[in-house]
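The next block holds one structure in the form of structure tokens; read it before the comments.
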There are 2 protein chains.
Amino acid sequence: MGCKIEEFKQEQKRRVRAVQDSMDVLNGKWKIAIVTSICCYGKRRFADILNDIEVFSNRMLSKELKELEINHLVKRTVLDTQPIMVQYELTQHGNTLQTIISNLTDWGIAHRKAIFNQ
Amino acid sequence: MGCKIEEFKQEQKRRVRAVQDSMDVLNGKWKIAIVTSICCYGKRRFADILNDIEVFSNRMLSKELKELEINHLVKRTVLDTQPIMVQYELTQHGNTLQTIISNLTDWGIAHRKAIFNQ
DNA sequence: CTGAATCCAGATGGATACTG
DNA sequence: CAGTATCCATCTGGATTCAG
């Protein structure tokens with residue numbers, strides 16, 4: 001019996017860890033906006049993304065893009081132009097983010113309603 | 001035409017904001033673990049939650065619970081015992097978190113696979 | 001154009017001690 | 001038991017400047 005409870009706790013831990021993984025990927029003030037920007041246009045350059053999102057710095061964009069790349073969600077391509085341009089697009093795996101973002105959007109809308117209408 | 005693009009951009013902004021709302025609610029290292037703990041048992045006391053989650057302080061638990069309460073996700077009940085005990089449970093709205101957490105769990109598991117198996 | 005480097009203020013969160 | 005208060009180290013992220 002105690003063993004079952006232990007198994008249950010382990011399973012819970014695994015699940016909490018999985019959610020944390022998702023949150024880690026999506027965290028950072030700007031990640032979702034960045035993904036949305038890239039996703040809208042299919043391919044998007046550094047300066048374009050910077051323009052799509054108001055009030056944020058290239059330092060942050062650089063950092064967040066790097067994290068997205070490490071997580072294999074975004075593919076980075078250097079274009080052979082002068083000066084150099086860099087193009088970002090979602091990987092196949094990155095595209096699966098759309099579902100989760102859509103879920104979060106729906107919940108966010110419902111949440112706002114629940115808070116202000118009750 | 002320019003107008004349609006403007007509308008599109010506005011809609012995008014609304015959607016990004018909705019996701020951010022969700023993220024705000026779920027953010028903080030411990031919120032998901034707390035919700036999971038309460039959700040597992042239906043009702044849960046302060047000290048119990050503190051015990052369910054390893055390595056974190058009552059200061060944080062207090063803070064996160066307060067935020068969850070402000071967002072109407074958790075209901076706080078003071079029990080008339082000596083010494084006082086406090087019980088936390090999910091509200092009806094709080095229960096809708098289960099779906100979103102489940103989605104995030106699934107994506108987290110898939111993400112881990114995608115990163116390590118490719 | 002695409003970043004990296006530096007500086008710096010403010011937020012975050014752990015440890016500890018204390019209160020009703 | 002259920003928090004609150006304080007101290008303090010670390011992290012975060014904006015502004016600005018510089019480089020390939």
Side-chain angles (χ1 to χ4, degrees), chain A residues 16-17 19-21 23-38 41-71 73-90, chain B residues 16-17 19-21 23-35 37-38 41-71 73-91:
Chain A
V16 167
R17 219 167 316 166
V19 188
Q20 302 291 15
D21 285 344
M23 296 299 286
D24 285 347
V25 169
L26 292 173
N27 256 345
K29 249 173 166 176
W30 311 106
K31 289 235 174 61
I32 290 159
I34 294 170
V35 170
T36 303
S37 164
I38 299 176
Y41 296 92
K43 297 175 181 181
R44 205 74 178 141
R45 287 185 308 112
F46 191 88
D48 292 331
I49 302 172
L50 207 53
N51 260 310
D52 288 339
I53 304 166
E54 289 162 18
V55 211
F56 96 129
S57 59
N58 56 353
R59 182 180 169 284
M60 276 301 106
L61 178 55
S62 172
K63 192 191 141 218
E64 306 262 55
L65 279 172
K66 204 177 290 175
E67 289 173 19
L68 288 170
E69 210 193 335
I70 287 172
N71 280 314
L73 296 164
V74 157
K75 186 185 161 203
R76 179 178 180 273
T77 314
V78 179
L79 301 180
D80 193 15
T81 55
Q82 196 49 248
I84 281 170
M85 294 209 273
V86 181
Q87 198 168 69
Y88 293 90
E89 57 194 308
L90 296 185
Chain B
V16 167
R17 220 168 314 167
V19 188
Q20 302 291 12
D21 285 345
M23 296 299 286
D24 285 349
V25 168
L26 292 174
N27 256 347
K29 245 174 167 174
W30 311 105
K31 289 232 175 60
I32 289 160
I34 294 170
V35 170
S37 163
I38 298 176
Y41 295 93
K43 298 173 180 182
R44 204 74 177 142
R45 288 182 308 111
F46 191 88
D48 292 331
I49 302 172
L50 206 53
N51 260 309
D52 288 341
I53 305 166
E54 288 161 18
V55 213
F56 96 127
S57 60
N58 54 353
R59 181 180 170 281
M60 276 301 106
L61 178 55
S62 174
K63 192 192 141 217
E64 306 261 56
L65 279 172
K66 208 176 289 174
E67 289 174 20
L68 289 169
E69 211 192 336
I70 288 172
N71 280 315
L73 297 164
V74 156
K75 186 184 161 204
R76 179 178 179 275
T77 313
V78 179
L79 301 181
D80 192 16
T81 55
Q82 198 47 248
I84 281 170
M85 293 210 272
V86 181
Q87 200 168 66
Y88 292 90
E89 57 195 307
L90 295 186
T91 63

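Chain letters run A, B, ... following the sequence lines, proteins first, then strands; residues in each count from 1. We use all heavy atoms of the structure for the numbers below, so side chains are in, but hydrogens, waters and symmetry mates are not. Bear in mind the structure is a predicted one, so any value in this text is a computation, not a measurement.
- One finds no side-chain N or O of Lys66(B) lying less than 4.0 angstrom from the OP1 or OP2 phosphate oxygen of dG3(D).
- Atoms CD (Glu64(B)) and P (dG13(C)) sit 7 Å apart, rounded to a whole Å.
- When the C1' atom of dG13(C) is taken as reference, atom CG of Asn27(B) falls 14 Å away, rounded to whole Å.
- With dT2(C), dA17(C), dA2(D) as the candidates, the nucleotide lying closest to the side chain of Met85(B) is dA2(D).
- Minimum atom distance to the side chain of Lys29(A) is reached by dG14(D), of the listed dG14(D), dA2(D), dT4(D).
- For the pair Met60(A) CE and dA4(C) P, the computed distance is 12 Å after rounding to whole Å.
- At dG3(C), one or more side-chain N or O atoms of Tyr88(A) fall inside 4.0 Å of OP1 or OP2 (strictly under the cut-off).
- Closest approach of Ile34(A) to Glu64(A), counting heavy atoms only: CD1-CB, 3.5 Å.
- Residue Pro83(B) has its side chain nearest to dC1(D) when only dC1(D), dG13(D), dA2(D) are considered.
- Comparing dG14(C), dA2(D), dA4(C) by their closest approach to the side chain of Trp30(B) singles out dG14(C).
- Thr36(A) places a side-chain N or O within 3.5 Å of a backbone atom of Ile32(A) that can act as its donor or acceptor partner.
- The interatomic distance linking Ile34(A) (CD1) with dG3(C) (P) rounds to 12 Å, in whole Å.
- For the pair Phe56(A) CZ and dA15(D) P, the interatomic distance rounds to 12 Å; values are reported in whole Å.
- Counting only heavy atoms from C-beta on, Arg76(A) has its side chain closest to dG3(C) among dT2(C), dG13(D), dG3(C).
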Quick one: do Arg76(A) and Glu89(A) satisfy salt bridge (charged side-chain N to carboxylate O under 4.0 Å, His left out)? Show the steps, please.
CA-CA 7 Å; Arg76(A) 179 178 180 273; Glu89(A) 57 194 308; over 6 Å; no

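- One can place CZ of Phe46(A) at 18 Å from P of dA19(D), the figure rounded to the nearest angstrom.
- With rounding to whole Å, Leu61(A) atom CG is found 13 Å from dG13(D) atom P.
- Side-chain to base pairing of Arg59(B) with dG13(C): one donor and one acceptor N or O lie within less than 3.5 Å of each other.
- When rounded to the nearest whole Å, the span between CG of Asn58(A) and P of dA15(D) equals 11 Å.
- Salt bridge annotation for Glu67(A)-Lys31(A): present, with a cationic side-chain nitrogen under 4.0 angstrom from a carboxylate oxygen.
- At dT2(C), none of the side-chain N or O atoms of Ser62(A) fall inside 4.0 Å of OP1 or OP2 (strictly under the cut-off).
- Position along DNA chain C of the nearest nucleotide to Ile84(B) versus Arg45(A) favours Arg45(A) as the more 5'-ward residue.
- In this structure, Leu65(B) and Phe46(B) have side chains that are in contact, with non-hydrogen atoms separated by less than 4.5 Å.
- The side chain of Ala47(A) lies closest to dT2(C), out of dT2(C), dG13(C), dT16(D).
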